[in-house]
Colleague: 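Here it is, the structure, as structure tokens.
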Amino acid sequence: MNSQGVTPQSEDYARWYNDVVLKADLAEYAPTPGCMIIKPYGYELWEGIQDALNRRFKETGHRNAYFPLLIPMSFIQKEADHVEGFAPQLAVVTHGGGKELEEPLVIRPTSETIIGHSFAQWIHSYQDLPLLINQWANVVRWEMRPRLFLRTREFLWQEGHTAHATEAEAIEETMRILDIYADVAANEAAIPVVKGRKSNQEKFAGAEASYSIEGMMGNKWALQSGTSHHLGQNFAKAFEIKYLSKENKLEYCWTTSWGVSTRMVGAIIMAHGDDKGLRLPPRLAPIQVVIVAIFKNESEKETVLAAVHRLRDLLAAAGVRVHVDAREGMTPGFKFNDWEMRGVPLRMEVGPRDLAQGTVLLSRRDLPGKEGKEPVPVDGLVPVVERRLAEIQAGLLERATQLRDANLHEARSLAELGEIVADGWALVSHCGTAECEAKIQEESKASSRCFPLDLNEEWYPKGKTCAICGKPAQGLAYFARAY
RNA sequence: CGGAGAGUAGCGCAGCUGGUUAGCGCGCAGCGUUCGGGACGCUGAGGUCGCCGGUUCGAAUCCGGCCUCUCCGACCA
């Protein structure tokens, strides 16, 4: 990373990503190994995601609650697959108050167990169902290879946990949440994700079925950006989550869990960013409009700043997130680059020249050079700004959708799959077995992303076989390089 | 945890076949000139040379161990 600009994507995509995170001031490395410090600008972006999700969760009847960070070791061990899946990643507290603990405490890698314990106490009757709980929390997983926002040992997320009377209701909930995730991705983050079912190998430890949203990043790699799990009665049985039915019969509940993490910030960076830095979707951008005040001397400064503050108040009153850059001692050109790095969707240049004409100069982050610039009369500015923000939001989604659709290709053999995943996603008729999946990964470095829901009307379609091994196909699956 | 690379000022780096007081560029502070696409001059602040140990009259420099970061694998939101 040089002092100005970032490593070009074409030169080294991974470096580009790191450069952008650091130079756009989203986060930095922490002194704690594998951990990151989320800086205010990055955290504000996360808050935007939180708001978008929270609103939808509450609209669908979920309530927020909070459970302990520390979980008794014995809890983790109650669900067999769950232990097996998470044991290697656990951070364990063995001492407290200067003494060795009777029972080690696990720092939660996820909270199915401790929440399941509470659910067992909270639920007695069918009238207590469905129970729809979400928590905003940090979790710890001892990852081997951390990457800013994409995989850190501690990360922030929301984890929803619900209990239902019937399997059908639990599945409905799992899908409802998957739809919410896809909606937030597309309509807030401007990332057109693929909704699909995870293979048996990729599913959550302890789930009956896992579903995910998969986004395509700028380098055509896939990023799992949210997951929704149908847990069947696995955790209900492990934690005795039972209810009395109308018929006075004691039944196990059906539960779900689902999560979106700060990884979504990484998705936004990689789905939209370019060689000038971040490009933020207006709906999530902490700053939607930055006003760069341009002046040469004291008298110009006075008139320009007065006008700038008036414009700021006007936009703020209309609900636009606006920031004034009146820093002195740096040239406008420097500031332009600076705000472009930070991905602010709209820049407004206001100087003596504009004021004389009764206009301001709007510049769009998503359109390069002159194409994205237009003088706009101060009268009637607000509706134009609102329209441009909406256009940028739509434009980013449109561009990301084109990128995705142009890079989805059907593969009829392992060789074809290998060629496709070098620069795209391969759709393949697939058996879904561990052996076949491992073989594909070995040959192509691509992993099974999901069986897309919209392309799999039925599972195990008659007569269809796996394009790789010839066994009966479970359905059509996407394979791609992934983070 | 396997393979590769790297840790010297906030960032990017030089110095490394041992030898005064550890440099350069950017950034930072002050002053002045600038200001519509990454300005310039002067002055200045800023360092346990990743950590521990060893060799030596003397270690950023040589040796050993450890830690951390980046990239590629295995693992994952």
Side-chain angles (χ1 to χ4, degrees), chain A residues 1-7 12-15 17-19 22-23 28-36 85-89 109-110 137-159 181 198 201-205 210 212-215 223-229 257-267 276-277 292-297 300-301 304 326-341 347-357 360-361 363 368-370 372-373 375 438 441-442 445 447 481-483:
Chain A
M1 178 167 60
N2 56 24
S3 59
Q4 291 174 352
V6 293
T7 306
D12 186 336
Y13 197 81
R15 277 190 71 133
Y17 175 81
N18 280 324
D19 287 356
L22 299 172
K23 298 209 73 172
E28 62 188 28
Y29 293 104
T32 317
C35 296
M36 69 190 283
F86 279 103
Q89 289 191 287
T110 178
N138 56 340
V139 289
V140 168
R141 300 178 185 180
W142 217 256
E143 301 293 351
M144 288 298 111
R145 199 176 148 209
R147 308 201 55 187
L148 295 166
F149 284 112
L150 302 176
R151 200 185 310 104
T152 45
R153 288 195 179 155
E154 177 184 6
F155 59 92
L156 305 182
W157 74 347
Q158 57 71 212
E159 49 178 323
Y181 286 167
K198 288 304 220 182
Q201 291 65 243
E202 298 269 342
K203 80 179 182 194
F204 177 75
S210 287
S212 72
I213 53 169
E214 302 281 333
L223 183 70
Q224 179 174 309
S225 308
T227 47
S228 186
H229 312 292
S257 70
W258 26 276
V260 157
S261 73
T262 38
R263 175 182 274 185
M264 183 66 93
V265 173
K276 290 178 149 193
V292 176
I294 299 168
F295 48 83
K296 295 195 211 306
N297 52 49
E300 279 186 3
K301 177 181 168 184
V304 167
R327 288 177 292 179
E328 294 185 48
M330 47 187 81
T331 61
F334 180 91
K335 294 182 182 181
F336 298 164
N337 285 288
D338 192 37
W339 291 111
E340 280 162 4
M341 178 67 67
R347 180 177 74 236
M348 187 183 297
E349 301 172 28
V350 181
R353 220 146 75 196
D354 308 284
L355 294 180
Q357 296 166 8
V360 298
L361 190 66
S363 182
K370 278 194 177 148
K373 293 194 178 189
Q441 184 142 13
E442 205 170 306
K445 296 184 188 171
S447 59
R481 298 292 302 268
Y483 286 99

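All figures in this text were calculated on a predicted structure; none of them were measured in a lab.
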Colleague: Ignoring hydrogens and angles, answer whether the base of G36(B) and the side-chain atoms of Lys373(A) contain a donor-acceptor pair closer than 3.5 Å.
Modeller: no
Colleague: Hey, could you give me each pair passing salt bridge (Lys or Arg N to Asp or Glu O under 4.0 Å) that has a residue in residues 327-336 of chain A? Not counting sequence neighbours.
Modeller: Lys301(A)-Glu328(A), Asp325(A)-Arg327(A), Asp325(A)-Lys335(A), Arg327(A)-Asp338(A)
Colleague: Among C76(B), G37(B), U70(B), which is the nearest nucleotide to the side chain of Arg263(A)?
Modeller: C76(B)
Colleague: Using the test side chain to side chain donor-acceptor pair (under 3.5 Å), find all partners of Tyr17(A) that sit at least two apart in sequence or belong to another chain.
Modeller: none
Colleague: For nucleotides 65-68 of chain B, list the nitrogen or oxygen atoms of the protein found under 3.5 Å from its nitrogen or oxygen atoms, one pair per line.
Modeller:
none

Colleague: Mind checking what makes side-chain contact (heavy atoms from CB on, under 4.5 Å) contact with Pro109(A), not counting sequence neighbours?
Modeller: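 In terms of side-chain contact (heavy atoms from CB on, under 4.5 Å), with neighbours along the sequence ignored, Pro109(A) is linked to Ile76(A), Phe86(A), Leu90(A), Val106(A), Arg141(A).
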Colleague: Only counting residues at least two apart or in another chain, list the ones meeting side chain to side chain donor-acceptor pair (under 3.5 Å) with Ser210(A).
Modeller: His229(A)
Colleague: If you pin Leu361(A) and Ala30(A) to their nearest nucleotides in RNA chain B, which one's is more 5'?
Modeller: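 Closer to the 5' end of RNA chain B: Leu361(A).
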Colleague: At less than 3.5 Å, do the side-chain atoms of Asp338(A) and the base atoms of G38(B) form a donor-acceptor pair?
Modeller: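 Side chain to base: no pair below 3.5 Å.
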Colleague: Hey, does Asp354(A) reach any base, or is it just sugar-phosphate, or nothing, if we go heavy atoms under 4.0 Å?
Modeller: base
Colleague: Looking only at atom P, what distance separates G18(B) and U56(B), rounded to whole Å?
Modeller: 15 Å
Colleague: Return yes if the base of C71(B) and the side-chain atoms of Arg147(A) contain a donor-acceptor N/O pair under 3.5 Å, otherwise no.
Modeller: no
Colleague: Ignoring hydrogens and angles, tell me if any N or O in the side chain of Asp19(A) forms a donor-acceptor pair with the backbone of Thr7(A) under 3.5 Å.
Modeller: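 Yes.
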Colleague: Ring centres within less than 5.5 Å and planes less than 30° apart: is that true of Phe155(A) and A77(B) in this structure?
Modeller: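 Answer is yes, a stack.
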Colleague: Counting any heavy atom closer than 4.0 Å, what does Ser257(A) reach on the DNA or RNA strands: base, sugar-phosphate only, or nothing?
Modeller: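 Counting heavy atoms under 4.0 Å across all strands, no contact is made by Ser257(A).
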Colleague: Counting side-chain heavy atoms from C-beta on, which of A77(B), C71(B), G38(B) comes nearest to Ser261(A)?
Modeller: A77(B)
Colleague: Between P on A74(B) and CD on Gln201(A), what's the gap in Å once rounded to a whole number?
Modeller: 15 Å
Colleague: For Ser228(A), enumerate each residue passing the side chain to side chain donor-acceptor pair (under 3.5 Å) test, keeping only those at least two apart in sequence or located in another chain.
Modeller: none
Colleague: Report each atom pair, protein N/O against N/O of nucleotides 41-44 of chain B, whose distance is under 3.5 angstrom.
Modeller:
none

Colleague: Measure the distance from CE on Met144(A) to C1' on A74(B) and round it to the nearest whole Å.
Modeller: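 To the nearest whole Å, that distance equals 10 Å.
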Colleague: Got a sec, which residues hit side chain to side chain donor-acceptor pair (under 3.5 Å) with Arg347(A), two or more places apart in sequence or on another chain?
Modeller: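 Arg347(A) satisfies side chain to side chain donor-acceptor pair (under 3.5 Å) with Glu340(A), Glu349(A), Ser363(A) only.
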Colleague: How close or far is atom C1' of G12(B) from atom CG of Asp12(A), stated in whole angstroms?
Modeller: 16 Å
Colleague: Please state how far atom CH2 in Trp142(A) lies from atom P in A77(B), giving the value in whole angstrom units.
Modeller: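 Those two atoms, CH2 and P, are 18 Å apart.
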Colleague: Between Phe149(A) and Pro146(A), who's closer to the 5' end of RNA chain B by nearest nucleotide?
Modeller: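 So the residue in question is Pro146(A).
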Colleague: Between the base of G37(B) and the side chain of Glu340(A), is there a donor and acceptor pair under 3.5 angstrom?
Modeller: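 Per atom types, the contact qualifies.
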Colleague: Counting side-chain heavy atoms from CB outward, which of U70(B), C75(B), G38(B) is closest to Arg151(A)?
Modeller: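 Nearest listed nucleotide: C75(B).
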Colleague: Where the side chain of Asn18(A) is defined as all heavy atoms beyond and including C-beta, which of A74(B), C69(B), C71(B) is the nearest nucleotide?
Modeller: C71(B)
Colleague: Of the options A39(B), G37(B), C75(B), whose atoms approach the side-chain atoms of Phe336(A) most closely?
Modeller: G37(B)
Colleague: Would you please confirm or rule out a distance under 4.0 Å between OP1 or OP2 of C76(B) and any side-chain N or O of Gln89(A)?
Modeller: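 Result: no.
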Colleague: Without decimals, in angstroms, what is the distance between Glu143(A) CD and A77(B) P?
Modeller: 8 Å
Colleague: Return no unless some side-chain N or O of Tyr29(A) is found under 4.0 Å from OP1 or OP2 of U70(B).
Modeller: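 So the side chain of Tyr29(A) is within the cut-off, an N or O lying under 4.0 Å from OP1 or OP2 of U70(B).
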Colleague: Checking Asn18(A) side chain against Arg15(A) main chain: does a donor-acceptor pair fall under 3.5 Å?
Modeller: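 Flag not set: sc Asn18(A) to bb Arg15(A) has no pair under 3.5 Å.
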Colleague: How many whole angstroms separate atom NZ of Lys23(A) from atom P of G10(B)?
Modeller: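 Between P of G10(B) and NZ of Lys23(A): 16 Å.
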Colleague: Using the side-chain heavy atoms of Arg141(A), tell me which of these nucleotides is nearest: A77(B), C71(B), G38(B).
Modeller: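 Comparing A77(B), C71(B), G38(B) against the side chain of Arg141(A), the answer is A77(B).
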Colleague: Met264(A) has an atom CE; how far is it from atom C1' of A77(B), in whole Å?
Modeller: 11 Å
Colleague: Extract from the structure each pairing of a protein N or O with an N or O of nucleotides 29-35 of chain B at less than 3.5 Å, listing the distance.
Modeller:
residue: C35(B); atom: N4; partner: Lys296(A); partner atom: O; Å: 2.6

Colleague: Please name all residues satisfying side-chain contact (heavy atoms from CB on, under 4.5 Å) with Ala326(A), sequence neighbours left out, ordered by chain then number.
Modeller: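 Result, side-chain contact (heavy atoms from CB on, under 4.5 Å) vs Ala326(A): Leu305(A), Val324(A).
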Colleague: Just checking Glu349(A): base, sugar-phosphate only, or nothing, at a heavy-atom cut-off of under 4.0 Å?
Modeller: base
Colleague: Verify, without hydrogens or angle tests, whether Ser225(A) (side chain) and Leu223(A) (backbone) share a donor-acceptor contact under 3.5 angstrom.
Modeller: yes
Colleague: Mind checking what makes side-chain contact (heavy atoms from CB on, under 4.5 Å) contact with Gln158(A), not counting sequence neighbours?
Modeller: Leu53(A), Phe57(A), Asn134(A), Trp136(A), Tyr181(A), Trp258(A), Val260(A)
Colleague: List in chain and number order the residues that pass salt bridge (charged side-chain N to carboxylate O under 4.0 Å, His left out) with Glu28(A), two or more places apart in sequence or in another chain; answer none if no residue qualifies.
Modeller: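 With neighbours one apart ignored, the set is Lys39(A).
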